[in-house]
Every structure is written in C-alpha cells, then in structure tokens.
Amino acid sequence: MDNNSFIKMNRQGWDELIKSNKPFANTILPEYGPFLKRNEEEIGLFRDLANAKVLDLGCGEGESLEYLYKNGASDVWGIDISEEQIIKTQERLPQFKNNFLISPMEEEANIPHNYFDYVISIFSIGYTSDIVRTFKNVYHYLADNGFFVISWTHPFYYCLDMVDSNVIVNKSYFNEDSEIITKGPDKIKLAQKNLMISTMINEAKKAGFYVDKILEEETILKDDVNGYKSNFWRKEKTINCPSTIIYKFKKIRL
C-alpha cells in the first residue's frame, strides 16, 4: 500500500468510526496500553509538567491532553488525521481551540519548531505510513532536551493469535509491511504498521534522539479493555507477552 492510500484509508476510517458513536478499544492517559498493571501515576514519565508545552500526535478526542493539562501543562496542541476527532478535541479544550489541527503525523503541520517539552503518541504511532518522516517532524517540534513519549502494541503481541483456547504465532515478527485491520463493532478498516523494536530505536537515533527509557509492562488478566471486549485484546495472550511497549526518547542537538 502506498503512503497516499494509507493516509486516505485512515482519514476515512477514523471519521467513520467516530461518527458511528459506537464503543471501540481505546487507550488514553494515564493509561499507556490495554491490561497494564501500572499507569502514569506509577510509571511517572512526566515528572516535570509544570508549565510544560505538549503536542499530541493522533490526539483523538483530546482526553490525554486534558489529563496533562489538569496535571500542570500550560499549552497543549494536537494533530489528528480525522476531522471528527479534532472537532471533539476542540469541544473538550475550547481554550486551546486553534492549537488542534487536521493533519497526518508524517506530514509537517503548521506547528511551532523547537517549542515543545513533550511530544506524545499514545497508541497512534502505528497509524503513520512513514516513521522516518514522523521522527524528523517531532525532532523539529521539540525544544532541546525535550521528550518524545510513545506507546503502541508490543510488536510480538501482534504476532499472536487465538485458535480455540490456544495461543499461536501466526505472523512473523520481521514483517513490517502495511496491513489492514478492523476496529469497532462495525469492523471499520484502518491501515497500520507494527515496527520491530530495533527499527524504532534505530530510526529515532538517526533523527537525533537517544533512548531515555523502554518499558514492557506486566499485565492484568481480564477480558475487556475499558469495558469493550475485543477479539484482538485477549488475556490469554498477555500471560507470556506484554500487550504494550513504551518508549521515551530525548532530543539531542545534532
């Protein structure tokens, strides 16, 4: 799938998903991923939020930005590929209405450079068609010594599937090709990529980041994600594999 088709599918898919007003598995701060025992209150990746400036890539309906604002951030911005989600973010945080832009994260948006203390991507990074361009954009947006905090499906978790009550490996960990998934009860199509840990680290390094922290958190065995039962998020998979990987990268001057 070429990048333009990837972006078009996700713009249409997310708009349709939000318009349907039906529940779907969603991750927002202080949570970092499905089934995790610890959230931001215990993990503490945002130790110094007082007066912090934060940008959210794939901001959804603005819940994560609202959480950070209530915990001390002074200026919050967000981009999302979906107009429907941006409208909801503007309604949630009307005082920052002009800071929320419709844009895919791999395209440089009309956002200040060398400005933000934190850029975050909470379960959205896999919806970029181009991780290289995305890292370069984030590098420009961040102030020196700023942090890029990412959470996403653990790449090995995505290799697992269920057959009856058995967990099997049905996908190669090395396969980083674009793939089409479905989300929500209407099985709306979205495009995503699940990149190897080494790919994420190496591309971040090339863009000018170093690794501050990588977390693979323990999980709670349960049958739903915030009340929504999913065929993909299954407690049987998490017994021996984390559902989520969390990266915290720091910008260094090139």
Side-chain angles (χ1 to χ4, degrees), residues 1-15 27 53-60 64-65 76-83 85-86 89 99-155 158 173-181 183 189-212 214 245-254:
M1 180 184 298
D2 64 70
N3 287 6
N4 288 335
S5 299
F6 190 105
I7 291 170
K8 181 179 179 181
M9 176 176 286
N10 283 343
R11 178 176 286 118
Q12 293 175 343
W14 280 107
D15 278 345
T27 299
K53 297 176 280 291
V54 182
L55 167 65
D56 190 353
L57 304 185
C59 63
S64 293
L65 287 174
V76 296
W77 291 62
I79 62 173
D80 200 280
I81 200 169
S82 164
E83 180 180 7
Q85 302 232 68
I86 288 297
T89 302
N99 292 359
F100 305 127
L101 308 175
I102 304 166
S103 175
M105 65 186 79
E106 55 268 59
E107 295 180 5
E108 189 169 353
N110 186 24
I111 288 173
H113 282 200
N114 304 308
Y115 180 73
F116 295 95
D117 301 294
Y118 294 98
V119 175
I120 66 172
S121 173
I122 307 302
F123 260 72
S124 63
I125 199 70
Y127 297 114
T128 180
S129 65
D130 191 328
I131 192 64
V132 175
R133 290 176 61 189
T134 300
F135 271 125
K136 288 180 178 179
N137 292 341
V138 173
Y139 186 88
H140 293 317
Y141 301 148
L142 278 171
D144 289 345
N145 299 314
F147 293 97
F148 187 18
V149 177
I150 299 169
S151 72
W152 182 247
T153 310
H154 194 286
Y158 207 82
Y173 176 81
F174 301 105
N175 182 0
E176 298 182 308
D177 294 338
S178 303
E179 54 192 337
I180 297 173
I181 64 163
K183 200 169 185 69
K189 291 182 179 179
L190 297 169
Q192 71 173 32
K193 293 185 179 182
N194 289 279
L195 302 178
M196 294 187 296
I197 296 171
S198 58
T199 298
M200 292 291 290
I201 293 172
N202 291 332
E203 293 303 334
K205 182 180 178 181
K206 289 178 187 176
F209 295 93
Y210 79 80
V211 177
D212 182 82
I214 297 177
I245 188 162
I246 306 167
Y247 304 90
K248 185 178 182 182
F249 296 115
K250 187 173 184 179
K251 175 181 175 177
I252 54 177
R253 185 185 294 274
L254 292 176

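Residue numbers start at 1 and run along the sequence shown.
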Trainee: Against the six-membered ring of Tyr139, is Lys251 placed for a cation-pi contact (under 6.0 Å from the centre, within 45° of the normal)?
Mentor: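 So Lys251 does make the cation-pi contact.
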Trainee: Is any side-chain heavy atom of Leu190 closer than 4.5 Å to one of Met9?
Mentor: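 Of all side-chain heavy-atom pairs linking Leu190 with Met9, none is under 4.5 Å.
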Trainee: For Gln12, what residues pass the side chain to side chain contact (heavy atoms under 4.5 Å, CB included) criterion, not counting sequence neighbours?
Mentor: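 Checked Gln12 against side chain to side chain contact (heavy atoms under 4.5 Å, CB included); matches are Lys8.
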Trainee: Could you go through the side chain to side chain contact (heavy atoms under 4.5 Å, CB included) check for Val76 and Asp56 one step at a time?
Mentor: CA-CA 8 Å; Val76 296; Asp56 190 353; over 6 Å; no
Trainee: Would you indicate whether the side-chain heavy atoms of Leu55 and Val138 approach each other to under 4.5 Å?
Mentor: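 With C-beta onward as the side chain, the pair stays apart.
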Trainee: With side chains defined as the heavy atoms from C-beta onward, is the minimum distance between Thr153 and Gln192 less than 4.5 Å?
Mentor: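 When only atoms from C-beta onward are counted, Gln192 and Thr153 do not touch, as no gap falls below 4.5 Å.
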Trainee: Answer with yes or no whether the side chains of Glu106 and Thr134 bring together a donor and an acceptor at under 3.5 Å.
Mentor: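 No, Glu106 and Thr134 have no side-chain donor paired with an acceptor closer than 3.5 Å.
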Trainee: Does Ile181 reach the side chain of Lys189, with side-chain heavy atoms less than 4.5 Å apart?
Mentor: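 Ile181 vs Lys189: side chains apart.
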Trainee: Please confirm whether the ring centroid of Phe148 lies under 6.0 Å from the ring centroid of Phe135.
Mentor: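 Distance test on ring centres: under 6.0 Å, yes.
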Trainee: Could I get the full list of side chain to side chain donor-acceptor pair (under 3.5 Å) partners for Asn137, not counting sequence neighbours?
Mentor: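 Residues passing side chain to side chain donor-acceptor pair (under 3.5 Å) with Asn137: none at all.
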Trainee: Run the salt bridge (charged side-chain N to carboxylate O under 4.0 Å, His left out) test against Glu108 and tell me which residues pass, sequence neighbours left out.
Mentor: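 So Glu108 forms no salt bridge (charged side-chain N to carboxylate O under 4.0 Å, His left out) with any residue.
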Trainee: Would a distance-only check, ignoring hydrogens and angles, find a side-chain to backbone donor-acceptor pair under 3.5 Å from Thr89 to Gln85?
Mentor: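 Between the backbone of Gln85 and the side chain of Thr89 there is a qualifying donor-acceptor contact (under 3.5 Å).
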Trainee: Taking the six-membered ring for Trp, are the ring centroids of Trp152 and Tyr127 within less than 6.0 Å of each other?
Mentor: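 Yes, close enough.
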Trainee: Can you list the residues that meet the salt bridge (charged side-chain N to carboxylate O under 4.0 Å, His left out) rule with Lys53, with sequence neighbours excluded?
Mentor: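 Only Asp117 meet the salt bridge (charged side-chain N to carboxylate O under 4.0 Å, His left out) criterion with Lys53.
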Trainee: Check for a donor-acceptor pair, side chain of Ser129 on one end and backbone N or O of Ile7 on the other, with a separation under 3.5 Å.
Mentor: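 Between the backbone of Ile7 and the side chain of Ser129 there is no qualifying donor-acceptor contact (under 3.5 Å).
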Trainee: Taking only residues two or more places apart in sequence, or in another chain, which ones meet Asp177 in a side chain to side chain donor-acceptor pair (under 3.5 Å)?
Mentor: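 Here no residue qualifies.
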Trainee: For the residue pair Val149 and Phe249, establish whether any side-chain heavy-atom pair is separated by less than 4.5 Å.
Mentor: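 Result no, sub-4.5 Å side-chain heavy-atom pair not found.
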Trainee: Quick one: which residue pairs count as a salt bridge (charged side-chain N to carboxylate O under 4.0 Å, His left out) with a foot in residues 121-133, not counting sequence neighbours?
Mentor: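 Sorted result for residues 121-133: empty, none.
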Trainee: Just by distance, do the side chain of Glu83 and the backbone of Ile102 share a donor-acceptor pair under 3.5 Å?
Mentor: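 It does not hold such a pair.
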Trainee: Let me see the working for Ile201 and Ile214 under side chain to side chain contact (heavy atoms under 4.5 Å, CB included), right down to the final yes or no.
Mentor: CA-CA 10 Å; Ile201 293 172; Ile214 297 177; 3.5 Å; yes
Trainee: Any chance CG of Asp2 has more than 12 other-residue heavy atoms, nucleotides or ligands included, within less than 6.0 Å?
Mentor: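 Counting neighbours around CG of Asp2, more than 12 heavy atoms of other residues, nucleotides or ligands fall under 6.0 Å, so yes.
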